[in-house]
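Start at 1 and go down the list; that is how both ligands and their atoms are numbered. Since the model is a prediction, treat every value here as computed from it, not as a measurement.
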Amino acid sequence: MAGMIEVQDLHVDFSHEGRIVHAVQGVSFSVADGESFGIVGESGSGKSTVLKAIAGLVPSRSTALSVNGRAAQQRRAKADRRQLQFVFQDPYASLHPRQTADQILREPLIIHGLDNKDDRIAAALREVGLKPEHRFRYPHQLSGGQRQRVAIARALILRPPILLLDEPTSALDVSVQAEILNLIAGLRQANRLTIILVSHDLGVVAHLCNRIAIMQGGKLVEVVTAAELRSGNAEADYTRKLVAASRGFTRA
Ligand code: ADP
Ligand code: MG
């Protein structure tokens, strides 16, 4: 059976100041329906670019790149865009500063012509643990964690089967990171979401994901299970180095 997300021999090149950057070089993996898949690696290893290629946000080459059975190149229709939503690192940058949480959540409902907007907005806020009093606040009137909750609510309000999370807790205080990770874990279960979570932090990825791809220099080093990582059973030297460097993870 084909996976919910299929990536085969994916390549992404950028041209930057007259040079070609091979950001992603022959990456392949498959994510099953309902799975949470992690991608970990140093800054610049190509993690975000893989997510963007899956979402069709950057041009790419591959032998196969499909989401829910649809090839990436064909995903142009509005309905296809509802399949998959993104949550980014910095909710402050990704939320419009002059829109209240209500307006931010209303926009996708308008674009996609959904009814019962007020009820859907109230439910979405409740689902991410926000109170009615947060509904008409602007991003600067919310804490970092609350802003990321609004960004997650916006991603889920169209009920997509797939959520792509790019460093969703990296911009947050350490004390808030676990809260948001637990929220994502709960939402994943309640909504049977398929998730790809990208982070430079092994601990974050191992908290949420059962299989984890290790990336280095645009290439996929290996795919390991969280259990293999914890027991130090990774194949590649690079993965073992990454685990050793991540003290928080080895303590956990
Ligand atoms: P990561 O998310 O793992 O930190 P990225 O996927 O953002 O890595 O970047 C991978 C490589 O591609 C880096 O060398 C980065 O500088 C380069 N890159 C990413 N986006 C662009 C772009 N739009 N133009 C030129 N180079 C880019
Ligand atoms: Mg990145």
inquiry  = With nothing but distance in play, are any N or O atoms of Ser48 less than 3.5 Å from an N or O of ligand 1?
reply    = yes

Protein contact of atom 12 (O) of ligand 1 - nearest heavy atom, named by residue and atom, plus distance = Ala23 CB, 3.3 Å

key: Sub-4.0 Å heavy-atom contact, Gly41 with ligand 1   = no

inquiry  = Under a 3.5 Å threshold, yes or no: a donor from one side chain and an acceptor from the other, between His11 and Asp13?
reply    = no

key: Donor-acceptor pair between Asn68 and Gln83 side chains, under 3.5 angstrom   = yes

request  = Mark the output for Glu42 as yes if a heavy-atom distance to ligand 1 is under 4.0 Å, and as no if none is.
outcome  = yes

query = Considering only the protein, which heavy-atom contact is closest to atom 8 (O) of ligand 1, and what is its distance?
reply = Gly46 N, 3.2 Å

key: Shortest protein contact, atom 15 (C) of ligand 1 (heavy atom only)   = Val21 CG1, 4.9 Å

request  = Please indicate, with yes or no, if any protein heavy atom is found under 4.0 Å from atom 25 (C) of ligand 1?
outcome  = yes

inquiry  = So does Gly145 get a backbone contact from the side chain of Gln148, meaning a donor-acceptor N/O pair under 3.5 Å?
reply    = no

ask   = Do any N/O atoms on His16 end up under 3.5 angstrom from N/O atoms on ligand 1?
value = no

Atom 3 (O) of ligand 1 [closest protein heavy-atom partner, distance rounded to 0.1 Å] = Lys47 NZ, 2.8 Å

query = Any N or O of Phe14 that comes nearer than 3.5 Å to an N or O of ligand 1?
reply = no

request  = For atom 9 (O) of ligand 1, find the nearest protein heavy atom and state the residue, atom name and distance (0.1 Å precision).
outcome  = Thr49 OG1, 3.8 Å

query = Heavy atoms, side chains only, cut-off 4.5 Å: are Gln85 and Ile162 in contact?
reply = no

query = Checking only N/O/S atoms, does Ser48 have one that is under 2.8 Å from the Mg ion (ligand 2)?
reply = yes

inquiry  = Are any of the N/O atoms on Gly44, whether in the backbone or the side chain, positioned under 3.5 angstrom from an N/O atom of ligand 1?
reply    = yes

task = Examine the proximity of ligand 1 to Met215 and report which part, side chain or backbone, both or neither, has a heavy atom under 4.0 Å away.
result = neither

message = I'd like to know if Glu127 and Arg120 make a salt bridge, using a cut-off of under 4.0 Å between side-chain N and carboxylate O.
response = no

ask   = Side chains of Ser28 and Gln8: donor-acceptor distance under 3.5 Å anywhere?
value = no

task = Indicate yes or no: does Asp237 engage Lys241 in a salt bridge with an N to O separation below 4.0 Å.
result = no

task = Classify the side-chain pair His200/Glu167 by whether it contains a donor and acceptor separated by less than 3.5 Å.
result = yes

task = Say whether Tyr138 and Gln103, considering side chains only, have a donor N or O and an acceptor N or O under 3.5 Å apart.
result = no

